[in-house]
Q: 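Below are the structure tokens for one structure; questions will follow.
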Amino acid sequence: MNLDFSVVANSLPYLWKGMQYTLQLTATSAVGGLFFGTLLALARLSSIRLLSNSASAYVNLMRSIPLVLVIFWFFFLVPLILQGITGAERPPQVGAERTAIITFIMFEAAYFCEIMRAGIQSIPRGQVYSAYALGLTYGQAMRLVILPQAFRNMLPVLLTQTIILFQDTSLVYVISATDFVGAASKIAQRDSRLVEMYLFVAAVYFVLCYGLSYMVKMLQRKIAVIR
Amino acid sequence: MAMIQVNGVSKWYGSFQVLTNCSTKVEKGEVVVVCGPSGSGKSTLIKCVNALEPFQKGSILVDGISVGDPKTDLPKLRSRVGMVFQHFELFPHLTITDNLTLAQIKVLGRGRDEATERGLRLLDRVGLKSQAAKFPGQLSGGQQQRVAIARALSMDPICMLFDEPTSALDPEMINEVLDVMVQLAKEGMTMMVVTHEMGFARKVAHRVIFMDQGEIVEDATKDEFFGKPRSERAQLFLSKILQH
């Protein structure tokens, strides 16, 4: 077999563009997922039955469906739903990139919800009591006392989930969004250099994810010392 | 009118009754010690006073405001009632200064400078001014509990609730906390204190309430209580804890 890696070198700018989209998608989904996941977690822990039941139904649904399916669904369904709402003649185009972001936020929210729920439950009940006793409202107690501690306790798990998310974003390839994998596969097929390209992509993912995992491990050790 | 008025309060966890028809009151400037064996409901009762625990029957008035009334602005009422917990419950992610100022700023709407000045003055009062920049985890249990008292005082409470404030402390740290509480009592603070520290009760309490199995068995002045408690259960309890 003769391998020619010059194809990688030649297409670096295009691959970098793909990587930028991958990073952007990861960051947006992580932040959005954490935000909505935290709201979901509060809903799941709520004493209002309707709220907690709907939140758990959502989380269980999302966690029981393969991500690929969710991506497909949104890609094909959202335009139809929008058409239904707006009454347009043709389904409006949402675009692969936007679909991907919405889907990932919604999907990741379910996972971040479970992490934040565990985090909130790890805080002793007395912290809530003392926050209330000082006159803080539910919202203030959560925002100022409970969530910052829950977030800190769960930081390693949240980061690990974000690393998984970073890998999962490669699935947007199925709706032809040009992320890192999508860019690589387009070049690979154009130049018939599949082996070289996919080796390179794998190497990049490995280096990034392994490096980040290692950093999370160090962070975990540091947090453990503080406590 | 009494500062804290407890009228026929009963509370159930499911079908298990934890409080049975409890009535008592704490006058302004009075120090009332609540004691009793573990599981007697004394911590539950004191948590009912600022609605940290709901109760199903009876009523509690704090400064004339009904705690159980759904229309009552609980955060506002609680901000006027200081509370100190067994496990201190300082906020571990905030510095001592931030612990002291958080509620002053967020609840009372004080400016940061004013809140800090007030917080540090109270920190000085409990003898811990040098610890202001530290985090709770860097302080000993006794120090943390003194900070917790300062934090409660920084809200200018009309009365103070203490829920077993020395039970989680190593023996050598109990006195530094009790000293602060004695000082507070002598300054005329209205206090309701759940504790096993009978020395503290002897020194500053006006009245002693003895609870057992969710009931207030004895509610007497200090001298009556330590002289000759009327109930057999209180006599038994005292003989057990005063033996050594």
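For the numbers below, each heavy atom of this structure counts, side chains included, while hydrogens, waters and symmetry mates do not. In the text below, chain A, chain B and the rest are named by the order of the sequence lines, each starting its count at 1.
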Q: Using non-hydrogen atoms and a 4.5 Å limit, figure out which bit of Arg151(B) sits close to chain A: side chain, backbone, both or neither.
A: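 For Arg151(B), backbone and side chain are both near chain A.
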Q: With a 6.0 Å cut-off (strictly less than), is the heavy-atom count around CG of Leu69(A), excluding the residue itself, greater than 12?
A: yes
Q: With Tyr210(A), which residues qualify under ring-ring contact (aromatic ring centres under 6.0 Å, His included), at least two apart?
A: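 Partners of Tyr210(A) by the ring-ring contact (aromatic ring centres under 6.0 Å, His included) criterion, ordered by chain and then number, come out as Phe206(A).
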Q: Counting only heavy atoms not in Trp73(A), do more than 12 fall under 6.0 Å of its CH2?
A: no
Q: Once rounded to the nearest 0.5 Å, what's the spacing between atom CZ of Arg125(A) and atom CG of Leu52(B)?
A: 9.0 Å
Q: Just checking Phe166(A): does its CZ atom have more than 12 heavy atoms from other residues, nucleotides or ligands closer to it than 6.0 angstrom?
A: yes
Q: Within a reach of under 6.0 Å around OH of Tyr205(A), are more than 12 heavy atoms found that belong to other residues, nucleotides or ligands?
A: yes
Q: Indicate the atoms forming the closest heavy-atom contact of Leu134(A) with Met155(B), along with that distance.
A: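 Closest approach of Leu134(A) to Met155(B): O-CE, 3.3 Å.
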Q: Counting only heavy atoms closer than 4.5 Å, note whether Phe91(B) contacts chain A via side chain, backbone, both or neither.
A: both
Q: Contact part of Leu102(B) toward chain A, heavy-atom cut-off under 4.5 Å: side chain, backbone, both or neither?
A: side chain
Q: Tell me, please, which residues at least two apart from Tyr132(A) pass ring-ring contact (aromatic ring centres under 6.0 Å, His included).
A: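 Per chain and number, Tyr132(A) pairs via ring-ring contact (aromatic ring centres under 6.0 Å, His included) with no residue.
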Q: Measuring from Asp163(B):CG to Tyr129(A):OH, what's the distance to the nearest 0.5 Å?
A: 10.0 Å
Q: Output the distance between atom OG (Ser130(A)) and atom CZ (Phe88(B)), rounded to the nearest 0.5 Å.
A: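 With rounding to 0.5 Å, OG (Ser130(A)) is 12.5 Å from CZ (Phe88(B)).
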Q: Rounded to the nearest 0.5 Å, how far apart are OG1 of Thr137(A) and CZ of Arg78(B)?
A: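 Here the rounded value is 10.5 Å.
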Q: If every non-hydrogen atom of Leu144(A) is compared with every non-hydrogen atom of His93(B), which pair is closest and at what distance?
A: O-NE2, 2.9 Å
Q: Under a 4.5 Å heavy-atom cut-off, does chain B meet the side chain of Gln127(A), its backbone, both or neither?
A: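 Both backbone and side chain of Gln127(A) come within 4.5 Å of chain B.
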Q: Taking Gly137(B), Ser154(B), Ala103(B) one by one, which has the highest count of heavy-atom pairs under 4.5 Å against chain A?
A: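 Answer, by heavy-atom pair count under 4.5 Å with chain A: Ala103(B).
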Q: Chain A heavy atoms under 4.5 Å from Gln138(B): which part of the residue, side chain, backbone, both or neither?
A: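 For Gln138(B), no heavy atom lies under 4.5 Å from chain A.
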Q: If you count heavy-atom pairs within less than 4.5 Å of chain A, which of Leu90(B), Leu161(B), Leu108(B), Leu74(B) leads?
A: Leu90(B)
Q: Is it true that atom CZ of Phe35(A) has more than 12 heavy atoms of other residues, nucleotides or ligands lying nearer than 6.0 Å?
A: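 Open.
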Q: Can you confirm whether Tyr13(B) is buried at OH, in the sense that more than 12 heavy atoms of other residues, nucleotides or ligands lie under 6.0 Å from that atom?
A: yes
Q: Is atom NZ of Lys47(B) surrounded by more than 12 heavy atoms (other residues, nucleotides or ligands) closer than 6.0 Å?
A: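 Yes, NZ of Lys47(B) has more than 12 neighbouring heavy atoms, counting only those of other groups under 6.0 Å.
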